[in-house]
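Here the structure comes first, spelled out in structure tokens, and everything after it is commentary.
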Amino acid sequence: MMKILVLGALSIASLHFAQSYPASAIPENLKKNANVVVRKDFTTAQINKIDEIKYQYNTVTTVLNKDGNEQAVIYIPYDKQRRISNIKVTIYDEAGKKIKSVSKSDFQDISNNSQGVFYSDNRTLVYSYTPAQYPYTVDFSYETNDENTVFIPDFVPFNSVKTSLEEAQFKIINNSGIELRTKIYPSKYNYTSVIESGSGNDKTYAYKNVPAIDDAFMIPQPVKILPAVDFALARFSLAGKQGTLNNWTDFGTWIYNDLLIPVSGSTPAIKAEVASLQLQGSVEDKVKKIYQYMQNKSRYIAVSLGIGGWQPMLPDEVQKKGYGDCKGLTNYMRILLTEAGIPSTYCIINSSSSQVSFDPEFPSMGGNHVILMVPTEKGNIWLENTSQQIAFNHLSYSTTDRNVLAVTQKGIELINTPVYKAEQNKEKQTLKINLHEDNSIIGTGNFYYTGNQYDYNLRLANLNPKEKNDAVKRIFDILNFEKVEMKNFNNDRDNAAITYDLDFKTNNYSKKAGNSLLFRSVPIFTDAVFKTDESRELPFEVGMSYEDEYEIAFILPQGYKIDETPDNSNITSEFGSYKLSFVKSNDEIKVIRKMQINKGLYPKEKYNDYISFRKKILNMDNSKILITKI
């Protein structure tokens, strides 16, 4: 997606003058590892009063190849509080010669949600150019007048890999008389720096000549590598409601009083729902029963109504219709618990595969998801309310290991979500495999997943039997099944565990060597390609800790004996550990494998050490067992 930022002066006509952008003028260092080069990304934000910010945007992007097309798609969001004007788009060829101009009538007008929205005040204008050749350049500008002043976009060089930047500016002019707080977050890896100029109420921030981040193996998300500048007004407006943002206490009080209290009322129907559940037992027992009741009767849809799309639907509306978005479903669950006499806390979070937390020292509006926290004497219970399949008191990899804005009557408290240890993110395989003289194997297996490995397998829950079998073929493609059938799939929503059984057949698993059969020790494992990199420029990240335990019983064909097995192995590293052992009997070889990988953001200097560690594991997984005909 093209990052939409804003530009310098106050008349867009003076900014959008004829200018040539030949691809030949791009410095060579900015072409390296890049699919697109952002030639110019200028933003001007003029804050006039508590409920008015005028923005001007001008972005010029050169697309070098087809893989960059998506980043040249133009998206312009708008709603009742955000009006757009002066849209101008010009397309240039490689030499900088004009190909065409684009008008507003060439844009599509769609609902502002990738999943589709049942109810929405938010819309997006979209334009996508279909190129005849590469490279080409898109010069794009427009203006907005925004009454919602709680959101001022942060200023980063770019958001995705394979993107480089010639020049970006964010000019902010504060004529409102309201304090504007600003914080610069430098790059932890000195990748580039923010250039700051101006003073007082007229400041400019800039980046220049920022090379692309290559989509290298295990590269962290750009947000963890690049610098950023954040902005927040001390007083703001959101859909006509004004508040203060001096600290987390003020802001939390505003959210609680202005967004939550108006949608906190119960109804006789909701009271009757809770009464019908006949709750008994501990607090945890009661919460679980209410939660699973809510899951079974409600479903997720996207809703973008209310105060700037931030206020939940009324619980009565969710109760009657049986659907809602994350805000509506979480608030409905909160009211159900209130009726049961159980307090809970509405929590705003950054949901992402990359752990992004709120800065305790810089209060600002943020987050893209809502979950619920129930405090108990035994610890916090965390509830993800948008999934009908996810287990009770389980958060997925997109919401663990970060903080939330826990909204209470007294303000916001920043609370950390759980961090799953390696032994909590577990896979267990128990395989029984019959070896045959024709090199085929016929086997059965039991598979067990918890923690984040539960999350990855939860997608199987909604598939029909054929789709499940097809998914297993893709997941375990290393075994190249001739036949496979999944049985007894179970999503244990009480304990966050998925189990299933497999019956399978694979041809050509072993190889003949005279009167012997040779086959690898571990049938199913991750066969990623691990390559050293002597010129690694950036750190690498292991996204989660996890543990795999395999027990594999190979049954020999009749008339065969065990000839050779690999030596037992034990590898230990700061990155994890690995053990492989063999237990032999007359007609069976049992292989026991245990691997633990440690989560971490590691310096580039240790990359080849990690690759060496993983190669040793891969070699042991591929180590061969030899059996010979008697």
Side-chain angles (χ1 to χ4, degrees), residues 426-449 472-473 475-487 499-530 546-573 576-597 612-630:
K426 179 171 284 191
E427 176 192 20
K428 290 181 71 174
Q429 288 184 20
T430 305
L431 304 179
K432 184 176 182 180
I433 294 174
N434 289 283
L435 297 157
H436 292 269
E437 286 190 280
D438 64 356
N439 299 330
S440 68
I441 56 173
I442 296 176
T444 60
N446 174 260
F447 297 79
Y448 168 88
Y449 300 95
V472 165
K473 286 182 180 179
I475 295 168
F476 299 142
D477 59 351
I478 188 173
L479 206 49
N480 194 23
F481 294 116
E482 181 190 347
K483 296 177 183 178
V484 65
E485 182 180 5
M486 181 185 289
K487 298 178 178 179
T499 57
Y500 59 81
D501 299 324
L502 287 185
D503 292 343
F504 59 90
K505 180 181 179 182
T506 293
N507 294 325
N508 301 315
Y509 182 74
S510 58
K511 291 184 179 180
K512 287 188 177 180
N515 290 327
S516 301
L517 293 177
L518 192 68
F519 55 93
R520 70 172 181 264
S521 303
V522 182
I524 298 172
F525 62 92
T526 300
D527 62 336
V529 177
F530 296 99
Y546 62 94
E547 185 175 277
D548 295 343
E549 290 184 1
Y550 299 172
E551 185 175 298
I552 308 138
F554 289 104
I555 312 301
L556 276 59
Q558 188 172 359
Y560 277 73
K561 67 180 180 69
I562 302 167
D563 205 340
E564 294 181 15
T565 61
D567 294 332
N568 293 346
S569 297
N570 190 344
I571 306 168
T572 302
S573 161
S577 61
Y578 176 88
K579 293 180 180 180
L580 189 69
S581 60
F582 301 85
V583 179
K584 295 176 278 189
S585 61
N586 290 333
D587 62 349
E588 180 181 298
I589 305 169
K590 184 173 288 185
V591 180
I592 300 170
R593 175 190 189 267
K594 183 174 181 179
M595 180 178 74
Q596 179 176 309
I597 300 297
S612 175
F613 168 67
R614 294 307 301 261
K615 280 185 173 182
K616 289 177 184 177
I617 293 174
L618 192 62
N619 289 338
M620 289 309 305
D621 285 343
N622 271 305
S623 62
K624 300 301 188 288
I625 297 172
L626 183 70
I627 61 174
T628 302
K629 197 165 188 177
I630 300 171

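Since the structure is predicted, the reported quantities are computational estimates derived from the model, not experimental observations. When a residue number appears, it is its place in the shown sequence, counting from 1.
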Closest contact, heavy atoms only, [X] versus [Y]:
X      : Y      : result
Glu437 : Lys512 : O-CE, 2.8 Å
Met620 : Pro566 : CE-CB, 4.4 Å
Gly445 : Leu431 : CA-CD2, 3.6 Å
Leu502 : Met486 : CD2-CA, 3.7 Å

Using a 4.5 Å cut-off on heavy atoms from C-beta on, say whether the side chain of [Y] contacts that of [X].
X      : Y      : value
Lys426 : Lys428 : yes
Ile589 : Val583 : no
Phe447 : Val472 : no
Phe613 : Ile571 : yes
Pro523 : Ile552 : yes
Ile592 : Tyr550 : no
Val484 : Phe476 : no
Asn439 : Phe519 : no

- Message: A quick test of your reading: do over 12 heavy atoms of other residues, nucleotides or ligands sit less than 6.0 Å from NZ of Lys483?
- Response: no
[atom2] on [Y] to [atom1] on [X], rounded to 0.5 Å:
X      : Y      : atom1 : atom2 : answer
Lys432 : Glu588 : NZ    : CD    : 7.5 Å
Asn515 : Ile630 : CG    : CD1   : 11.5 Å
Asn434 : Ile442 : CG    : CD1   : 7.0 Å
Leu618 : Asp527 : CG    : CG    : 7.5 Å
Asn570 : Lys594 : CG    : NZ    : 11.0 Å
Tyr546 : Glu427 : OH    : CD    : 9.5 Å

- Item | Verdict with reasoning, Ile433 to Phe504, per side-chain contact (heavy atoms from CB on, under 4.5 Å) | CA-CA 9 Å; Ile433 294 174; Phe504 59 90; 4.1 Å; yes
- Message: As a quick check of understanding, evaluate side-chain contact (heavy atoms from CB on, under 4.5 Å) for Val591 and Glu551, giving each step before the final call.
- Response: CA-CA 6 Å; Val591 180; Glu551 185 175 298; over 6 Å; no
- Residue pair Asp503, Lys487: steps toward the salt bridge (charged side-chain N to carboxylate O under 4.0 Å, His left out) verdict: CA-CA 8 Å; Asp503 292 343; Lys487 298 178 178 179; 2.6 Å; yes
- Task: Could you check Ser521 against Ser623 for side-chain hydrogen bond (donor to acceptor under 3.5 Å, both in side chains), going step by step and ending with a plain yes or no?
- Result: CA-CA 6 Å; Ser521 303; Ser623 62; 3.1 Å; yes
- Looking only at side chains, do Ser581 and Asn568 share a donor and an acceptor under 3.5 Å apart? no
- Task: Would you please say whether a donor-acceptor pair under 3.5 Å links the side chains of Tyr448 and Gln429?
- Result: no
- Can the ring centroids of Phe582 and Phe554 be said to lie less than 6.0 angstrom from one another? no
- For Lys615, does its backbone N or O pair with a side-chain atom of Asn619 as donor and acceptor, under 3.5 Å? yes
- Check for a donor-acceptor pair, side chain of Thr506 on one end and backbone N or O of Tyr509 on the other, with a separation under 3.5 Å. no
- Ser612: what forms a side chain to side chain contact (heavy atoms under 4.5 Å, CB included) with it, not counting sequence neighbours? Lys616
- Task: Any chance you could lay out the side-chain contact (heavy atoms from CB on, under 4.5 Å) test for Lys629 and Asp563, step after step, and finish with the verdict?
- Result: CA-CA 9 Å; Lys629 197 165 188 177; Asp563 205 340; over 6 Å; no
- Please name the residue in the list Leu626, Leu517, Ile441 that meets the side-chain contact (heavy atoms from CB on, under 4.5 Å) test with Ser510. Leu517
- Task: Give the C-alpha distance, both sets of side-chain angles, the deciding distance and a yes or no for side-chain contact (heavy atoms from CB on, under 4.5 Å) between Glu564 and Thr628.
- Result: CA-CA 9 Å; Glu564 294 181 15; Thr628 302; over 6 Å; no
- With sequence neighbours left out, which residue pairs that include part of residues 617-627 fulfil the salt bridge (Lys or Arg N to Asp or Glu O under 4.0 Å) condition? Arg593-Asp621
